[in-house]
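Below, chain A is the first sequence line, B the second, and so on; all start at residue 1.
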Amino acid sequence: MKRIRIHHSTTYTYESPVTLLPHKLMIRPRAGYDIHIEQYSLNITPAHTTKWQRDINGNSVAMVSFLEPTKELAIVSDLVIGHYDSAPLDFRVDEKAVMYPFSFDPSERIDATPFQTPSFPSDSARVARWLDRFWKPGDTIETYELLNRINQTIAKKFSYRMREEPGVQRPAATLKLKGGSCRDFATLFIEACRYLGLPARFVSGYLHCPETVQGHGHTHAWSEVFLPGAGWLGFDNTSGNIVGHDHIAVAVTRHPEDAPPISGCYDGDVFVPSVMKLSVVVEEYSSTDPLSETSGFLSTPDSIEPVAPLESSSA
Amino acid sequence: MKRIRIQHSTTYSYESPVTLLPHKLMIRPRSGYDIQLEQSVLKITPAHEIKWQRDVYGNSVAIVSFLEPTTELAIVSDLVISHYEAAPLNFVVDEKAVMFPFYFDPSERVDLIPYQTLSFPSDSAAVSEWLQPFWQPGQTIETYALLDQINQAIVKNFAYRMREEPGVQRPAETLRLKAGSCRDFATLFIEACRYFGLPARFVSGYLHCPETVTGHGSTHAWSEVYLPGAGWKGFDNTSGIVVGEDHIAVAVTRHPEDAPPVSGSYAGDVAVPSTMKLSVIVEEFTGNLPLS
């Protein structure tokens with residue numbers, strides 16, 4: 001088990017007071033057999049109310065409504081997780097799906113349909129041409145090998161470029177430029193999987209990487225592919241790795257543009273100049289003290305969760 | 001916040017040793033903004049190995065492979081959760097979806113297709129006939145009121161019957177008998193929602209009820225409906241309430257038969273007589289963690 005602390009702070013400063021419309025936050029890590037949230041705090045200013053919900057894809061999403069005009073919006077998430085997915089390659093694919101192509105069971109097909117539907121259908125021809133080198137009708141190849149080759153090609157042959165703008169680059173543009181951000185690489189990989197009929201989706205989250213290789217501030221994006229028998233498997237399309245205990249998933253979505261950590265706007269037609277400050281720290285955490293004591297960090301009433309030991313064991 | 005301990009033990013005893021095939025367990029509560037898993041201990045005999053995975057619906061599922069033949073299979077889950085969903089009625093539906101009928105955004109529609117697809121299409125005539133009084137083409141009704149009226153009709157007019165057999169009763173059968181188990185009521189409600197184009201899915205889990213009303217051993221089943229703006233909202237089709245801090249969801253599935261807590265079989269064609277013992281305790285927890 002590896003314990004990781006994530007401190008994620010976003011501040012918008014406006015030149016004059018604005019009336020903020022409701023904001024949507026996708027910043028709570030996806031808890032499950034692999035990730036336990038041990039401590040969690042979310043501090044937001046100005047005055048606000050928070051309603052949590054489970055969205056279509058099962059993400060825990062916070063809808064924040066603001067109670068007063070403000071010149072500054074600050075969203076600070078500070079949390080500690082325990083990560084248990086230390087052997088991500090230890091998975092087993094159903095016999096029927098070991099070799100590609102294969103067909104899904106009728107009952108699986110209905111659930112797979114949304115994730116087999118291209119998000120950029122007009123780029124299909126370009127993606128198809130690129131995929132020719134990996135698989136042609138009549139070929140048989142190990143499913144995992146096919147996925148790994150596509151992933152390695154993106155990670156090794158394409159050049160990583162930090163892109164600060166929101167949104168993603170179309171798959172055809174990434175193929176033309178032979179470059180992109182982690183989001184762009186994930187988008188291309190997802191479209192490639194879907195072209196081959198393999199259900200795939202977008203993941204946004206955090207990456208723990210002590211020796212920073214690439215990527216800004218340790219927010220990160222990657223993809224998941226659904227393989228019968230193994231479930232959703234994570235592929236990092238920037239490093240070429242299978243997703244393990246350095247990856248902390250926050251949100252999964254069908255369309256790569258639907259998972260920004262913070263989205264929302266302010267009321268009115270008048271443009272108010274603003275600056276945004278982002279700070280993300282992802283680091284291994286060895287203390288067992290509650291965060292509020294180690295950091296002087298106080299939880300807001302709408303966000304507190306108790307500090308509690310968490311162990312999952314099987315004997 | 002309410003802290004709840006769940007002890008769930010299942011034991012199968014076989015008259016002669018069997019070679020168990022891999023078993024699938026859906027017994028880990030769904031964590032998220034509403035439920036925090038404080039501690040979980042899972043004990044299984046005989047010798048085995050476990051692989052966890054996230055299934056197509058996002059459930060944390062354990063696949064257990066056994067290493068030796070056995071005359072007994074025991075699966076004991078002991079865990080403590082904290083429940084934060086104290087105000088389930090405090091939700092806001094998007095303006096466009098407050099009144100039924102409404103349209104989903106094109107981007108949502110793709111994701112929702114599986115949950116609008118009937119699980120029992122050959123029963124849709126019976127379901128449609130039953131739904132006549134609730135809504136007719138041309139009418140406008142508050143979406144939540146429509147859902148609540150269907151839910152209340154099931155709770156008030158149908159008799160609860162414990163059913164130990166696996167699987168669910170078809171919606172047409174529940175309508176004919178005017179009776180069923182919690183799974184059967186959820187199944188009927190889900191098919192009714194889907195008939196109206198409202199995305200719905202099955203939930204299996206635990207119910208905390210100090211004064212036990214219905215249901216055996218506090219395992220329970222209910223449903224979730226997707227409402228734009230509010231997300232997936234839980235409806236208990238046995239009690240008629242909106243799901244709050246007494247409900248602990250474990251697994252969500254499109255088809256009501258895909259969420260048994262324990263499923264698996266043994267090798268060979270010969271039937272080996274067996275008995276099953278089940279014990280489920282769901283109680284408020286005030287003790288100290290970790291559990292010893």
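At a 4.5 Å heavy-atom cutoff, the contact between A:Arg30 and chain B is made by backbone and side-chain atoms alike. In this structure, chain A has a heavy atom under 4.5 Å from the side chain of B:Glu49, while its backbone stays farther away. For a residue to count as touching a neighbouring chain, one of its non-hydrogen atoms must lie under 4.5 Å from one of that chain's; by this rule B:Asp258 does not touch chain A. When heavy atoms are compared at a cutoff of 4.5 Å, B:Arg30 approaches chain A by way of both its backbone and its side chain. For B:Leu112, the part lying under 4.5 angstrom from a heavy atom of chain A is the side chain only. With a 4.5 angstrom heavy-atom cutoff, A:Asp111 touches chain B via backbone and side-chain atoms both. Only the side chain of A:Thr117 comes within contact range of chain B, with at least one heavy atom under 4.5 Å from a heavy atom of that chain. With a 4.5 angstrom heavy-atom cutoff, B:Glu108 touches chain A via backbone and side-chain atoms both. Looking at B:Asp111, both its backbone and its side chain come within 4.5 Å of chain A, counting heavy atoms on both sides.
Qualifying salt bridge (charged side-chain N to carboxylate O under 4.0 Å, His left out) partners for B:Asp236, counting only residues two or more places apart in sequence or in other chains: none. Every side chain to side chain contact (heavy atoms under 4.5 Å, CB included) that B:Pro22 has, sequence neighbours left out, goes to B:Ile63, B:Ser65.
Taking the six-membered ring where tryptophan is involved, the planes of B:Tyr206 and B:His8 are perpendicular, since the angle between them exceeds 60° and thus also 30°.
In terms of non-hydrogen atom pairs under 4.5 Å with chain A, the most contact-rich of B:Ile35, B:Val61, B:Asn90 is B:Asn90.
For the pair A:Gln53 (side chain) and B:Gly231 (backbone), a donor-acceptor distance under 3.5 Å is present. Side chain of B:Ser263 to main chain of B:Pro260: no donor-acceptor pair is present (N/O by atom type, distance under 3.5 Å, no hydrogens or angles).
In this structure, B:Arg254 is not positioned above the aromatic face of B:Tyr57 in the sense of NZ or CZ being under 6.0 Å from the six-membered ring centre and within 45° of the axis.
For an aromatic pair to be called close, the ring centres must be under 6.0 Å apart, and A:Phe120 with A:His255 satisfies this.
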